[in-house]
Amino acid sequence: MLLSLGAHAVTGEEVMTKAGCMACHAKDKKLVGPALKDVAAKYKGQDVVAKLMAKVRAGGSGVYGPIPMSPNPPGKISDADLKSAIEWVLKL
Ligand code: HEC
């Protein structure tokens with residue numbers, strides 16, 4: 001999935017790599033956080049972009065287990081980038 005952001009075509013995966021999300025997440029396997037494909041499967045058919053954007057911003061735990069995701073402030077990932085990242089994850 002390619003998204004045009006300015007002069008570059010940036011994928012959600014590249015956005016997440018740059019923002020440091022991939023330190024805890026991978027597409028196909030659980031690292032610190034859940035496999036991104038498991039996130040997509042969990043919410044299949046649901047409109048959860050806004051909900052997941054809020055969750056990633058604030059951080060939190062309890063959906064996949066006791067390990068918390070740390071907060072991800074706008075200085076780390078912009079709203080636009082966060083939206084493309086979540087939309088990409090939900091299509092995996
Ligand atoms: C410090 C490790 C860490 C980083 C960095 C991290 N995450 Fe997570 N993430 C987690 C953990 C742990 C969970 C599971 C939280 C839970 O069980 O509620 C999670 C859950 C999620 C979920 C699913 C939330 C839900 O409630 O279903 C999404 C989407 C997500 N992360 C996206 C991101 C994005 C995008 C970034 C980068 C901006 C990011 N994560 C950075 C550890 C991390």
Side-chain angles (χ1 to χ4, degrees):
M1 165 64 48
L2 292 177
L3 294 157
S4 288
L5 297 176
H8 301 282
V10 184
T11 64
E13 185 166 22
E14 285 166 346
V15 166
M16 286 187 70
T17 303
K18 270 198 205 133
C21 315
M22 298 315 244
C24 294
H25 291 283
K27 260 197 270 189
D28 295 317
K29 60 176 196 276
K30 183 174 162 20
L31 296 178
V32 178
L36 297 174
K37 283 195 170 163
D38 290 347
V39 176
K42 179 178 177 60
Y43 298 110
K44 200 170 167 45
Q46 297 178 49
D47 179 10
V48 291
V49 174
K51 173 184 149 159
L52 290 183
M53 283 177 71
K55 163 76 171 253
V56 173
R57 273 275 177 262
S61 64
V63 176
Y64 304 83
I67 304 169
M69 172 159 54
S70 39
N72 295 281
K76 192 169 163 190
I77 184 166
S78 69
D79 278 344
D81 282 356
L82 181 53
K83 188 159 188 276
S84 9
I86 302 284
E87 285 172 349
W88 171 72
V89 167
L90 291 173
K91 283 182 190 140
L92 287 174

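Just so it is clear, the values below take in all heavy atoms, side chains as well, and ignore hydrogens, waters and symmetry mates. Atoms within each ligand, like the ligands themselves, are counted from 1 in listed order.
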Closest protein heavy atom to atom 16 (C) of ligand 1, given as residue, atom name and distance to 0.1 Å: Val63 N, 3.4 Å
NZ/Lys42: more than 12 non-hydrogen atoms of other groups inside 6.0 Å: yes
Under 4.0 Å to a heavy atom of Met16 - the qualifying atoms of ligand 1, by number: 34 (C), 35 (C)
Passing option when Ile86 is tested against Val15, Leu52, Val48 for side chain to side chain contact (heavy atoms under 4.5 Å, CB included): Leu52
2.8 Å shell around atom 8 (Fe) of ligand 1, exclusive bound, protein N/O/S atoms: 2
Within-shell test, Val89 vs ligand 1, heavy atom, strictly < 4.0 Å: no
Where ligand 1 meets Val32 - atom numbers and elements under 4.0 angstrom, heavy-atom basis: 12 (C)
Close approach of Gly65 to ligand 1, heavy atoms, under 4.0 angstrom: yes
ILVMFWY cluster, Leu36 and Val32 together (side-chain gap under 4.5 Å): no
Lys83 NZ: over 12 foreign heavy atoms closer than 6.0 Å: no
Evaluation steps, side-chain contact (heavy atoms from CB on, under 4.5 Å), between Asn72 and Leu82: CA-CA 10 Å; Asn72 295 281; Leu82 181 53; over 6 Å; no
Residue pair Tyr64, Lys30: steps toward the side-chain contact (heavy atoms from CB on, under 4.5 Å) verdict: CA-CA 10 Å; Tyr64 304 83; Lys30 183 174 162 20; over 6 Å; no
Test of proximity, Tyr43 against ligand 1: N or O pairs below 3.5 Å: yes
Atom 17 (O) of ligand 1: nearest protein contact (heavy atom, Å): Tyr64 N, 2.7 Å
Ligand 1-proximal atoms of Ala23, by part, heavy-atom distance under 4.0 Å: neither
Side chain to side chain, Lys27 and Leu92, heavy atoms closer than 4.5 Å: yes
Taking atom 12 (C) of ligand 1 as the reference point, the nearest protein heavy atom with its distance: Ile67 O, 3.2 Å
Numbering as shown, the atoms of ligand 1 that approach Pro68 to under 4.0 Å (heavy-atom distance): 12 (C)
Nearest-0.5 Å distance that lies between atom NZ in Lys76 and atom CZ in Arg57: 10.5 Å
Ligand 1 atoms in contact with Lys55 (distance to a heavy atom under 4.0 Å): 16 (C), 18 (O), 24 (C), 25 (C), 26 (O)
His25 side chain vs Ala35 backbone, donor-acceptor pair below 3.5 Å: no
Backbone of Asp79 reached by a side-chain donor or acceptor of Asp81 within 3.5 Å: no
Pairwise distance SG(Cys21) to CD(Glu13) - rounded to 0.5 angstrom: 11.0 Å
Path from Val63 to Ile67 over hydrophobic side-chain contacts below 4.5 Å: no
Which residue and heavy atom of the protein sit nearest atom 15 (C) of ligand 1, plus the separation: Gly60 O, 3.5 Å
Proximal atoms of ligand 1 relative to Ser70 (non-hydrogen, under 4.0 Å): 1 (C)
